[in-house]
There are 2 protein chains.
Amino acid sequence: MKHVTIKDVAKKLNCSVSTISRAFNDKYDIRKETRDHILSIAKEMGYSPNPMAKSLLKQCSNQIGVVVPEFINAFFPEVIIGIQEVFIKKGYQVLIMQSNESHITELENIKTLENNMVDGMIISLSLETKNVDYYKDLIKQGFPLVFFNRVSNELETSKVLFDDYKWAFFATEHLIYQGYKKIFHLGGPAGLVISQNRKNGFIDALRKHKISFDESSIIETGFMISDGERVMEKLIVENNLPEAIFAVNDPSAIGAMKMLKKHGYKIPEDVALLGFTESKLAELIDPPLTSVAQPTKEIGRTAAKLLLEQIETKGIFVPQTVILNGRLNVRESSMKLK
Amino acid sequence: MKHVTIKDVAKKLNCSVSTISRAFNDKYDIRKETRDHILSIAKEMGYSPNPMAKSLLKQCSNQIGVVVPEFINAFFPEVIIGIQEVFIKKGYQVLIMQSNESHITELENIKTLENNMVDGMIISLSLETKNVDYYKDLIKQGFPLVFFNRVSNELETSKVLFDDYKWAFFATEHLIYQGYKKIFHLGGPAGLVISQNRKNGFIDALRKHKISFDESSIIETGFMISDGERVMEKLIVENNLPEAIFAVNDPSAIGAMKMLKKHGYKIPEDVALLGFTESKLAELIDPPLTSVAQPTKEIGRTAAKLLLEQIETKGIFVPQTVILNGRLNVRESSMKLK
DNA sequence: AACGTTTCCGAAAACGTTTCCGGAGAATTA
DNA sequence: TAATTCTCCGGAAACGTTTTCGGAAACGTT
């Protein structure tokens, strides 16, 4: 448990701590031989500088924090891999925390990271988060923050987004072009911007093509498989099945699919399905699920680069919003069979 | 960026820093009114003690670290949720790091966490990790460490395991009872203990039932879908198909399934499949995959409790190995159809 | 020989806390 | 009244670093 400190090394070498420090920080005012000697002895003793003490002094840590709501679905883990890719190269360590979709936990995570003096954070908000005052404060203080996926319009920071509206529009059009008329949308949690955008894309596509719909065509569902199951079961019981469904994400689409299959319905013959934020599941499931693919790793890489830029320029910096492109992967679940 | 410190509060209140500290740490030698007054003013000023300074002084941080090789597959994220469950209740923060199956990154992660003065770590080793000297040192120093899933026999610490041998044995017997004779095993990376145990379970089950096999029945594959695809494609090309396959985990089984389906083979009629470490995929895929379910969250909770115990008893402590139980979920992919 | 430059290193302050030690005053006891 | 014990608080050291400042020695210049 005893860590060897700079003082131990100094004592052993009969020199001052400042000299040791100089050796480790490659300062100009130290003789090469002294430095090499110190370094070799220090290594032998198993010494390495305590970054915590360093952070306390320098008020920064060469660490960055990431807070995500969950990593049950594959989306966030994949983004994180992209983030790590960029930061590891630059010598930063990445601390990851999970808010469990809880506002309180999220806030605690943020504070923990702040207290660890991370140099910046990449955040995706929890479902519960409505009040973003704490983030406003951080931003006002000049703390480097980048948001992705779950963002708040109230915050002026860099953001990495996906054009949910556009791709929801395209996805819905795809269903329309297949010839479906009665189309439902299983929506995400109402509070989230991404839910709203996907919903609006859906609505506008129907409007453009003059497909009639009413409020019952749009059902707030959620992001989990269980949400899709629950809502689908209700529709089945009510005997109110559409010809096609555009779901807010893959898990909810898959939940719906499971329930339909359980009740003996055929996909896409009885009900066609289309998901969003494609996961590995999409092509493995039967029938394979048509879905909009997001460039997950690229989202992570982009967020990381934006944050890095912000950290390095320290102040002179304008918030940027980067919108990345996706792809509609058409598979069997949405095709109109003749 | 300027954080308000204990000194600022002291200055404002015209008292010493020690008094402020006492107020915050609820010491006995402070008058109640003084404490309340200090607390209210401090809150107003937005002060909260810097845990980093505290950690430096106390040499512990109320944080614990978790290092896992990946979180692409659902296994590790689920374990982490179990870990968090326990620690959040106890007021610990959980820092998560990902080694990306790289030994070097893993070591850096460990050092980062150590430097953050986490009070203990829960670790699952990377694929590459052979040399565990660094862990030996930590253990010798009395640093609380708990391993799970990917462990090393060289390390004397608490471990949370799954009886891979037993369940591999059961799984293989299930295939035998179905009447399959020519059974192959798609194995995990050879260096891992879990791979070896699952392989041995497979072998011993065949031996017990006097089913013949040779070394070509066991093929080192890997943990990813792509590994399953690669190996299966080779078998198909070589026209060397077994009647049934026991795969080291679900993704490899699923990879094999994908490739078989692609080439027009039927499952389980042409080749039966059985996975391990059941994921959500298992029941969603077509046909649903028979698999051994591990109690992932429970693994996390157990590891967390063991670590907590070790942290709290500080020294007087004997390493424990907990082996948790699982379940074989039989689904269509392994059934012998008449 | 006197002076100015380098080169190298040590002392000490600083980062934000907690805690030990001691001291002033009040309250209790003898 | 004197002595003792409490109660409450301030001063200072400590945690492990980096960095500023200054100083000693060695060297080069007039």
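These numbers were taken from a predicted model, which means no experiment stands behind them. Letters go in sequence order (proteins before strands), and every chain restarts at 1.
For the pair A:Tyr135/A:Ile123, a side-chain contact is recorded, criterion being any heavy-atom separation below 4.5 Å from C-beta on. Looking at heavy atoms from C-beta onward, A:Ile194 lies in side-chain contact with A:Phe223 at the 4.5 angstrom threshold. Within the 4.5 Å cutoff, side-chain heavy atoms of B:Ile311 are placed close to those of B:Ile64.
Side-chain atoms of A:Thr19 lie closest to C:dG10 of the nucleotides D:dG16, C:dT19, C:dG10. In this structure, the nucleotide among D:dT17, C:dG16, C:dA12 sitting nearest to the side chain of B:Ile6 is C:dG16. Minimum atom distance to the side chain of A:Lys58 is reached by D:dT19, of the listed C:dT17, D:dT19, C:dT19. Listed candidates were C:dA11, C:dT17, D:dA12. Nearest to the side chain of A:Ser16 is C:dA11. Ranking D:dT18, D:dG16, C:dT17 by closeness to the B:Lys7 side chain, first place goes to C:dT17. If you check C:dG16, C:dC9, D:dG11 against the side chain of A:Leu56, the one that comes closest is C:dG16.
Rounding to whole angstrom units, CG of residue B:Leu13 and C1' of D:dG10 are separated by 15 Å. Here D:dG16 presents its C1' atom at 11 Å from CG of B:Asn115, a figure rounded to the nearest Å. Between the CG atom of A:Asn14 and the P atom of C:dA11 there is a distance of 11 Å, rounded to whole Å. Taking atom CZ of A:Arg22 as the reference point, atom P of C:dC8 lies 11 Å away to the nearest angstrom. Atom CE of B:Met52 and atom C1' of C:dA14 are 16 Å apart (whole Å). Remark: P of D:dA14 and CG of A:Asn50 are 18 Å apart, rounded to the nearest angstrom. Whole-Å rounding puts the A:Asp26 CG to C:dC8 P distance at 13 Å. The distance from atom NZ of B:Lys11 to atom P of C:dT17 is 13 Å, rounded to the nearest whole Å.
Mapping A:Ala53 and A:Lys27 onto DNA chain D via the closest heavy atom, the residue that lands nearer the 5' end is A:Ala53.
Judged purely by atom type and a 3.5 angstrom limit, B:Gln93 has no side-chain atom pairing as donor or acceptor with the backbone of A:Thr112. Side-chain N or O atoms of A:Thr313 include one that pairs as donor or acceptor with a backbone N or O of A:Glu309 at under 3.5 Å. Looking at A:Asn109, its side chain does come within 3.5 Å of a backbone N or O of A:Gln98 through a donor-acceptor pair.
Contact annotation: B:Lys54 side-chain N/O to D:dC15 OP1/OP2 distance is not under 4.0 Å. Within the structure, every side-chain polar atom (N or O) of B:Gln59 is placed at least 4.0 Å from both OP1 and OP2 of D:dA14. Taking only side-chain nitrogens and oxygens, B:Tyr28 never comes nearer than 4.0 Å to OP1 or OP2 of C:dT19. Between B:Asn25 and C:dT18 there is a side-chain polar atom (N or O) within less than 4.0 angstrom of OP1 or OP2.
Across all strands, B:Thr5 comes closer than 4.0 Å only to sugar-phosphate atoms, never to a base (heavy-atom distances). Within the nucleic acid shown, B:Tyr47 comes within 4.0 Å of sugar-phosphate atoms alone, with no base atom in reach, counting heavy atoms only.
Between B:Phe24 and B:Tyr47, the ring planes lie perpendicular to each other; the angle is over 60°, past the 30° to 60° tilted range.
In the region residues 29-43 of chain B, proximity to DNA chain D at under 4.0 angstrom, judged on heavy atoms, holds for B:Asp29, B:Ile30, B:Arg31, B:Thr34.
C:dC21: Watson-Crick or G-U partner is D:dG10, with both key distances under 3.5 Å. D:dG28 is paired with C:dC3 under the Watson-Crick or G-U wobble criterion, all donor-acceptor distances under 3.5 Å.
Under the side-chain hydrogen bond (donor to acceptor under 3.5 Å, both in side chains) test applied with A:Thr129, the options A:His103, A:Glu101, A:Arg150 reduce to a single match, A:His103.
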